[in-house]
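See structure below.
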Number of protein chains: 2
Amino acid sequence: MSNGISLKELAAELNLAPSTVSRALNDSYEISEATKKKVVSMAEKLNYQPNPFARSLRENKSKTIAVIIPERINNFFAQVMDGIEEVTHEHGFHLLVYSTHEDVEKEKKIVSLLQNRRADAIVMSVSSQTSDVSHLTKLYERELPIIFFDRICSEIPTTKFITNDYESAFQGTKHLIQQGCKKIAFLMLSKELSITKERHRGYLDALNEAGLAPEPTFSMHCCLNEEENIQSITQLLKSQNRPDGILSSVEKLAIATYHAVRKTDLRIPDDLKIITFSNMSSAGLLSPSLSTITQPALTIGQECAKLLIKKLTKPKHTDLIDQTIVIPSQITIRESTLVR
Amino acid sequence: MSNGISLKELAAELNLAPSTVSRALNDSYEISEATKKKVVSMAEKLNYQPNPFARSLRENKSKTIAVIIPERINNFFAQVMDGIEEVTHEHGFHLLVYSTHEDVEKEKKIVSLLQNRRADAIVMSVSSQTSDVSHLTKLYERELPIIFFDRICSEIPTTKFITNDYESAFQGTKHLIQQGCKKIAFLMLSKELSITKERHRGYLDALNEAGLAPEPTFSMHCCLNEEENIQSITQLLKSQNRPDGILSSVEKLAIATYHAVRKTDLRIPDDLKIITFSNMSSAGLLSPSLSTITQPALTIGQECAKLLIKKLTKPKHTDLIDQTIVIPSQITIRESTLVR
DNA sequence: AAAAAAATCGCAAACGTTTGCGTATTTAAA
DNA sequence: TTTAAATACGCAAACGTTTGCGATTTTTTT
């Protein structure tokens, strides 16, 4: 009883045609209630499990959705995944998950693997290295339903889900200003990323509104190596004209800043205030506790999944129109931006 | 050019039989180098992508591995996933990922979905609610290769990967004792879990070795609701005969303890020391920084994947023998267990 | 130069489903 | 009672691969 029983064998056992059994199990109107009962009970008795590949081959769909994220060790993406799984699982869909580790080459390879429709649809957040998007347009041209979240790809005319990046960054730096910061730095990963562009805009506009001149060297873009980031942030903090406030566009860089601060004699929030985009659950337990801009990650995941499910179950009635849906973040003020 | 080209169409384009094209693409010795070149270049030109379901149907394997974890928002499991993906991806395998959210009913449902061999193999860590394992034995009887890590299921005779739970717990409580703790509590999730059994043994033996009598009420098993846990831990800390040291068997409960402590006038490590099993990356940034027993999560994931890949690529030469492979954890002492 | 061996390719079946269509039986309408 | 319609089921094709086996051509051996 290793490999289970097939539809044919089940049919033979019942002295019925495979087609009849298939229809019975799929609750077709062409089959009498009596035989339906028989079939179903026999199927249960023999623990019949339909072969998913035969079905996928025949129906040209796999009830599978692929998710591509830039990193896994990050609460934000983990929460988004939970949101996606919550609604896809409800509809019997499976999840193929891939992490690019912020590597665009790996992203290309993964995307290439998905061209054969192993998954019915894709939801993704692009890597920080991604600037050329030809591999993504190829997917789109293959008519593979694809949607983006967080780090979106504006070149592809599809639906995207993001948080209010501009507004949140604006409010975040405004908060720093209100707390007395005069020289505010902005930490970012790649400047190609949609989120850094938007968040940087918000940062600049907030400075502008307050009449603060943006210092070019304060818009600092970091790399993927934590040690290097700690080094360069340390250097920034030890410089003559050091910032007294920081808006970090990603959690990783706020953590790096915490480490960097420990290499100086500065103290948060006395000498330096910091607020960051982050979904870290232990932000309130850090020393000092960290003010955060928290994305509605679970909701983003849920909404992505809902839309995709709708697209896959009612293809005629739903389009993945080219629009960006914004779900606002929540700002939580903690010790790291207090006035002392 | 929506759905791509099939092998037949590619063959027609080349005036060759599908079988020839198939063999050419699979680099068969039966095909001349000349036609191989032709076929490959035409395949590339037309961007031929083999249908994975046809292949899976025919070959009865999908190059897919399913991973079942109890929760996603947890660095340990995320790191294990990264380890698994690193080696599976290298061998062209795909990953179906499922989270049970510590819910055994969800676990049963997922396991049931996998009976049809949608995945070639399974690697899992059981939910904390899991005591009846009939759904897992059913998988095993179906001859579905399955291995466990961390929270293992001893009833299934297969290979398991764990850390040195007993030894680490022993060393952890021994450390607490050396730091002066006399009344040490042990926080756990379900007592059914393999990891709580082993870690609890280590805890008890360490107490025993030091001549400390184990207080029954100090072996506290918590639930899945964080608020409730904070409440009960708070109560424990406010009780007459409160502990002065805590060994937490999972990260979640250490975090709950940090929250609970803030509801009292106790201070860590002055009044209470704590060490926990945890792979949290920001343990060193907490207030106070948290002493941890860190599992080799990435390695565990890699080893799981290596073994499974070996089993799937050389089925005759490898057995998933009933053994438990132990990879030691690393203890990092931080402020939360300092003597003051 | 004839026979044997090797190289190269095509035919057709098989994997396990679903579904259009045809057919036989039963029920309802005339 | 005859005819029409509805019900219930089976046949066979199709999805896109891989592969055993046979057939033809080319090369090697004797």
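Chain identifiers are assigned alphabetically (A, B, ...) following the order of the sequence lines, protein sequences preceding nucleic acid strands; residue numbering begins at 1 within each chain. Bear in mind that the values here come from a model prediction, so they are computed numbers and not experimental data.
- Closest contact between the side chain of B/Glu30 and the listed nucleotides C/dC21, C/dT8, D/dC15 involves C/dT8.
- Backbone-only contact: B/Ser6 has heavy atoms under 4.0 Å from sugar-phosphate atoms and none from a base.
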- Item | Step-by-step side chain to side chain donor-acceptor pair (under 3.5 Å) determination, B/Asp82 to B/Gln79 | CA-CA 5 Å; B/Asp82 268 357; B/Gln79 288 176 250; over 6 Å; no
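- Nucleic acid contact class of A/Glu33 (heavy atoms, under 4.0 Å, all strands): none.
- Residue contacts for B/Asn26: at a heavy-atom cut-off of 4.0 Å it reaches the sugar-phosphate backbone alone, with no base atom in range.
- A/Arg151 contributes no side-chain N or O that, together with a main-chain N or O of A/Ser125, makes up a donor-acceptor pair within less than 3.5 Å.
- If you check the side chains of B/Asp132 and B/Ser134, you find a donor sitting under 3.5 Å from an acceptor.
- What separates CG of A/Leu7 from C1' of D/dG10 is a distance of 13 Å, to the nearest Å.
- Atom NZ of B/Lys8 is separated from atom C1' of D/dA14 by 8 Å (rounded to the nearest Å).
- With hydrogens and angles left out, the side chain of A/Arg55 and the base of D/dG16 share no donor-acceptor pair within 3.5 Å.
- Rounded to a whole Å, the CG atom of A/Asn51 is 17 Å from the P atom of C/dA14.
- Nucleotide D/dC9 holds its P atom 10 Å from the NZ atom of A/Lys36, rounded to whole Å.
- Look at CG on A/Asn116: it is 18 Å from P on D/dC15, rounded to the nearest Å.
- Comparing C/dG16, C/dT19, D/dT17 by their nearest atom to the side chain of A/Ser19 picks out C/dT19.
- Of the candidates C/dG10, C/dG16, D/dC11, D/dC11 carries the atom nearest the A/Ala17 side chain, counting heavy atoms from C-beta on.
- At a threshold of 4.0 angstrom between heavy atoms, the contacts of A/Glu9 with the nucleic acid are absent.
- In this structure, the nucleotide among D/dT19, C/dC9, D/dC9 sitting nearest to the side chain of B/Glu59 is D/dT19.
- Distance from the side chain of B/Ser32 is smallest for C/dT8 among the nucleotides C/dG10, C/dT8, D/dG16.
- Within a 6.0 Å radius of NZ in A/Lys36, more than 12 heavy atoms belonging to other residues, nucleotides or ligands are found.
- Put simply, the side chain of B/Arg117 and the base of C/dG16 share no donor and acceptor less than 3.5 Å apart.
- Ionic pairing of B/Asp150 and B/Lys160 is not present here: no N-O contact between side-chain nitrogen and carboxylate oxygen is shorter than 4.0 angstrom.
- The shortest heavy-atom contact between B/Arg117 and B/Leu144 is CG-CD2, 3.6 Å.
- In this structure, CZ of A/Arg23 is placed 12 Å from P of D/dC11, rounded to the nearest angstrom.
- Ranking D/dC9, C/dC9, D/dG16 by closeness to the B/Leu57 side chain, first place goes to D/dG16.
- Comparing B/Thr20 and A/Gln49 by the nucleotide of DNA chain C that holds the closest heavy atom to each, the one mapping nearer the 5' end is B/Thr20.
- Contact between the side-chain N/O atoms of B/Thr35 and the OP1/OP2 oxygens of C/dC9 is found at a separation under 4.0 Å.
- The interatomic distance linking B/Asn15 (CG) with C/dC9 (P) rounds to 13 Å, in whole Å.
- When the C1' atom of C/dT19 is taken as reference, atom OH of A/Tyr29 falls 11 Å away, rounded to whole Å.
- Checking D/dT17, C/dC21, C/dC9 against every side-chain atom of B/Pro50, the shortest atom distance belongs to D/dT17.
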